[in-house]
Amino acid sequence: MRGRTRGYRGRFAPSPTGPLHFGSLFAAMASYADARAHGGVWLVRIEDLDRAREVAGAAKRMLDTLERFGLTWDEPPLYQRDRTVAYAAALAQLDSHALTYPCGCTRAEVAALSRVGVEGPIYPGTCRTGLPKGRKPRSVRLKTTARSVCFHDRIQGDQKQRVAKTIGDFVLRRADGIHAYQLAVVVDDAWQGVTHIVRGADLLSSTPRQILLQDYLGLPRPSYAHIPLMLDAQGRKLSKALASAPVDPADPLPAMHRAWQGLGQIPIRHAGSPPAFWKQALAHWRIERIPKCASI
Ligand code: GLU
């Protein structure tokens, strides 16, 4: 351990939509290693907001698998399904500052009318100044402003995004009544006192939205590190099939070595078990070694 970082609290936040796969293990190991190497606390949050996408028993299996990989958490896992009241309160707070508006558009309407941005259609603002006549509210959106959000990522470097231009007014509560990931993640990271977020680079473009919400809700901004998407030995993006292949809880070490190598860390030798692996690994963890693109 390289000295304590006072109050370091990290987390891993899987969605229980299937077995733990290699891509998730990669993120779990990086966030765990960074937390432990700083003498910090590591938490697990089950992001089960969308009950329709949840696979029965998946959360329990994920937790069992994490334990098999020696990834042990410090506080009882938080389940987002238990947090609806907190999300509603945050939404009410935003609403009281006139930062939200009801939107009556269907997905198909938005898709038909919008420019396509990095994450799909950029909402054209149809309902921003009031619901068109005869329209019923469906979702709730955040009113974005022209300002740029800047932050420093510990792996990806300086980042800047104009949320209004790149993403548009985004959904905070969906038409089916489910609070959106962007809102829930901000509310929960603050509630759990998370200080350091280490997660996959697929979420890099979500971070400015989360920072906007933190600012609007008066919540602290955690430090961010987005680990790279994995590339195969030829430098091609790892196929979905490989990244989403379940890891084998009965034989954790091969996947651990592979993920560790993908994270650019010094190889671990002669570790006969996950705890022995971590004992060596944590002494050598350097986030600076993580490449912007990972090959495995
Ligand atoms: N639940 C998200 C996922 O599984 C991760 C959320 C996060 O780390 O912020 O992709």
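These values consider heavy atoms only, across backbone and side chains, with no hydrogens, waters or symmetry-generated copies. Atoms within each ligand, like the ligands themselves, are counted from 1 in listed order.
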Q.
Quick check with a 6.0 Å cut-off and a 45 degree axis cone: is Arg221 positioned over the face of Phe151's six-membered ring?
A. no
Q: Flag Asp202 as yes when one of its N or O atoms lies below 3.5 Å from any N or O atom of ligand 1, and as no otherwise.
A: no
Q.
Taking distance alone, with N or O pairs closer than 3.5 Å, would you say Arg199 contacts ligand 1?
A. yes
Tell me: protein heavy atom nearest [atom], and distance?
{"atom": "atom 6 (C) of ligand 1", "result": "Glu47 OE1, 3.2 Å"}
{"atom": "atom 5 (C) of ligand 1", "result": "Ala13 O, 3.3 Å"}
{"atom": "atom 8 (O) of ligand 1", "result": "Arg11 NH1, 2.7 Å"}
{"atom": "atom 4 (O) of ligand 1", "result": "Ser15 OG, 3.2 Å"}
{"atom": "atom 10 (O) of ligand 1", "result": "Leu203 CD1, 4.3 Å"}

Please determine, by modelled atom types, if [X] and [Y] share a side-chain donor-acceptor pair under 3.5 angstrom.
{"X": "Gln80", "Y": "Tyr181", "value": "no"}
{"X": "Gln192", "Y": "Arg45", "value": "yes"}
{"X": "Arg199", "Y": "Thr207", "value": "yes"}
{"X": "Asp95", "Y": "Tyr101", "value": "no"}

**Q.** Single hit among Arg68, Lys60, Arg61 for salt bridge (charged side-chain N to carboxylate O under 4.0 Å, His left out) with Asp64
**A.**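 The single option meeting the salt bridge (charged side-chain N to carboxylate O under 4.0 Å, His left out) with Asp64 is Lys60.
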